[in-house]
Protein chains: 2
Amino acid sequence: MSTAGSSAGSKSGPKKGTYAKGIAKREEILTTALEVFAVKGYRGASLREIASSVGLSQAGLLHHFSSKEELFAEVLRKRDEVDEHAHPDGGTVRGFDTLVDIVRHNADVPGLVQLYATISAEAADDDHPGHDYFVRRYATLIGAIEQHVRDEQEAGRIDPSLNPLQVARMAIAVADGMQVQWMLDGTADMAATLEYFFSMIRRGPAT
Amino acid sequence: MSTAGSSAGSKSGPKKGTYAKGIAKREEILTTALEVFAVKGYRGASLREIASSVGLSQAGLLHHFSSKEELFAEVLRKRDEVDEHAHPDGGTVRGFDTLVDIVRHNADVPGLVQLYATISAEAADDDHPGHDYFVRRYATLIGAIEQHVRDEQEAGRIDPSLNPLQVARMAIAVADGMQVQWMLDGTADMAATLEYFFSMIRRGPAT
DNA sequence: GTCTATACTCTGATAGAC
DNA sequence: GTCTATCAGAGTATAGAC
């Protein structure tokens with residue numbers, strides 16, 4: 001958390017010619033650790049395996065991160081940074097299409113899908129290191145979609161009688177639930193089913 | 001698997017006055033093991049913890065089940081038995097209401113919800129001891145709901161233009177996905193949202 | 001910054017006494 | 001049927017050399 005602060009980014013330049021390599025190594029570790037966590041989950045991924053994947057000994061890895069828990073927290077934090085950069089909506093989901101795009105892309109990174117499926121279930125425990133992260137993540141996400149539903153209702157593209165919160169919860173639930181079906185049965189198409197859901201609520205029934 | 005066969009049930013009576021106690025102990029182990037697996041998942045639950053929860057040593061526990069994997073398989077099998085007894089539809093879901101009832105009841109057994117959420121994610125790995133179980137479980141469940149959707153369409157209660165398989169997948173996805181939201185945020189109402197979903201598809205839009 | 005070596009804990013499983 | 005004792009292995013973490 002402390003060592004490589006946010007201001008040490010690419011443009012502003014490190015204060016000396018020093019530890020640019022250290023930062024690069026740190027980034028490499030985070031990227032590799034994400035992949036291992038993705039496949040094995042938090043509990044299933046060992047420090048030894050992560051370390052050897054990145055070409056370090058286990059002790060060498062723990063030079064950069066003081067504990068497994070801190071490494072994991074940093075992996076999640078970095079993931080959020082990347083997501084935010086890819087979809088710079090200021091925390092808002094720009095539209096259902098954005099969500100479908102994300103889900104469609106997820107089919108290309110099965111490891112990442114399994115990471116979130118595994119971890120979000122593990123993280124239900126209050127004392128799981130990722131608990132607070134997931135609680136916040138879902139609250140933010142559902143709130144954003146709920147607002148988007150309201151906007152679409154005002155624009156006349158969604159039946160105004162539908163409950164925005166319920167629709168938002170359903171949308172996320174479909175996305176999450178389809179991950180499970182897709183992991184167990186490759187013929188399931190996460191993006192297609194989510195798109196089907198959105199097309200359904202856009203039909204605008206009379207009641 | 002071998003020791004206490006199915007025919008040794010309550011009424012038919014054990015062949016001798018013997019090992020009724022052994023069977024009872026076995027049942028007690030399965031019940032307790034379910035609870036521990038539910039909270040910790042397969043990998044997170046240790047034999048020692050399960051054993052001590054049921055008042056045995058780890059070696060004592062392994063007298064009844066030859067391995068952790070076998071114990072786990074028996075827990076899942078027993079769970080299916082109980083479910084089948086509670087909903088004797090011969091494998092078919094009698095209707096959406098049945099599914100909503102199950103989901104509503106799940107809110108009373110958070111441990112069980114977490115078991116399935118945790119395990120179904122873990123079980124995405126081909127070599128997980130529960131993999132085949134979950135693949136079969138989902139195939140059966142989705143098939144049954146898909147058929148139910150067809151029946152409802154023929155009865156004129158669901159828009160015939162809707163794709164039965166997509167609806168079935170969405171229904172299960174909503175149920176699964178809401179579990180995650182509910183585990184992370186107690187204010188989420190799994191049954192209510194699932195009911196909302198069914199009420200939505202029953203409205204019968206024109207296309 | 002990275003290593004080797006080590007300490008300690010916990011895991012699943014087995015052997016054998018009672 | 002249940003126990004104690006023990007095993008080999010894997011886990012995280014730390015100490016100290018280089």
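Quick note on labels: first sequence line is chain A, next is B, and so on, each numbered from 1.
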Output the single nucleotide from [options] whose closest atom is nearest the side chain of [X].
| X | options | value |
| --- | --- | --- |
| A:S46 | D:dT4, D:dG11, C:dT4 | D:dG11 |
| B:S57 | C:dT14, C:dT2, D:dC3 | D:dC3 |
| B:R48 | C:dT11, C:dC3, D:dT2 | C:dT11 |
| A:H64 | C:dC3, C:dA15, C:dT2 | C:dT2 |
| A:L47 | D:dA13, C:dG1, C:dT4 | D:dA13 |
| B:H63 | C:dA15, D:dG1, D:dA15 | D:dG1 |
| A:S67 | C:dA15, C:dA13, D:dA13 | D:dA13 |
| A:K68 | D:dA13, D:dC3, C:dC3 | D:dA13 |

Nearest-Å distance, [atom1] ([X]) to [atom2] ([N])?
| X | N | atom1 | atom2 | result |
| --- | --- | --- | --- | --- |
| A:K40 | D:dG11 | NZ | C1' | 13 Å |
| A:E28 | C:dG1 | CD | P | 14 Å |
| A:L62 | C:dT4 | CG | C1' | 14 Å |
| A:Q58 | D:dA15 | CD | C1' | 13 Å |
| A:I23 | C:dG1 | CD1 | C1' | 14 Å |
| A:I50 | D:dA10 | CD1 | P | 17 Å |
| B:L71 | C:dT11 | CG | P | 15 Å |
| A:R43 | C:dT11 | CZ | P | 12 Å |

task: By nearest nucleotide on DNA chain D, pick out whichever of A:E49 and A:A59 is the more 5' one.
output: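 The answer here is A:E49.
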Pairing of [X] and [Y] as salt bridge, 4.0 angstrom limit:
| X | Y | result |
| --- | --- | --- |
| A:D80 | A:R137 | yes |
| B:D185 | A:R169 | yes |
| B:R150 | B:E154 | no |

field: side chain to side chain donor-acceptor pair (under 3.5 Å) partners of B:T193, counting only residues at least two apart
entry: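 Only A:Q166 meet the side chain to side chain donor-acceptor pair (under 3.5 Å) criterion with B:T193.
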Shortest non-hydrogen contact from B:R26 toward B:E74: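 Distance-wise, the nearest heavy atoms are NH2-OE1, 3.2 Å.
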query: Looking for any heavy atom pair under 4.0 Å, which part of the strands does B:A45 touch: base, sugar-phosphate only, or nothing?
result: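 It contacts sugar-phosphate atoms only.
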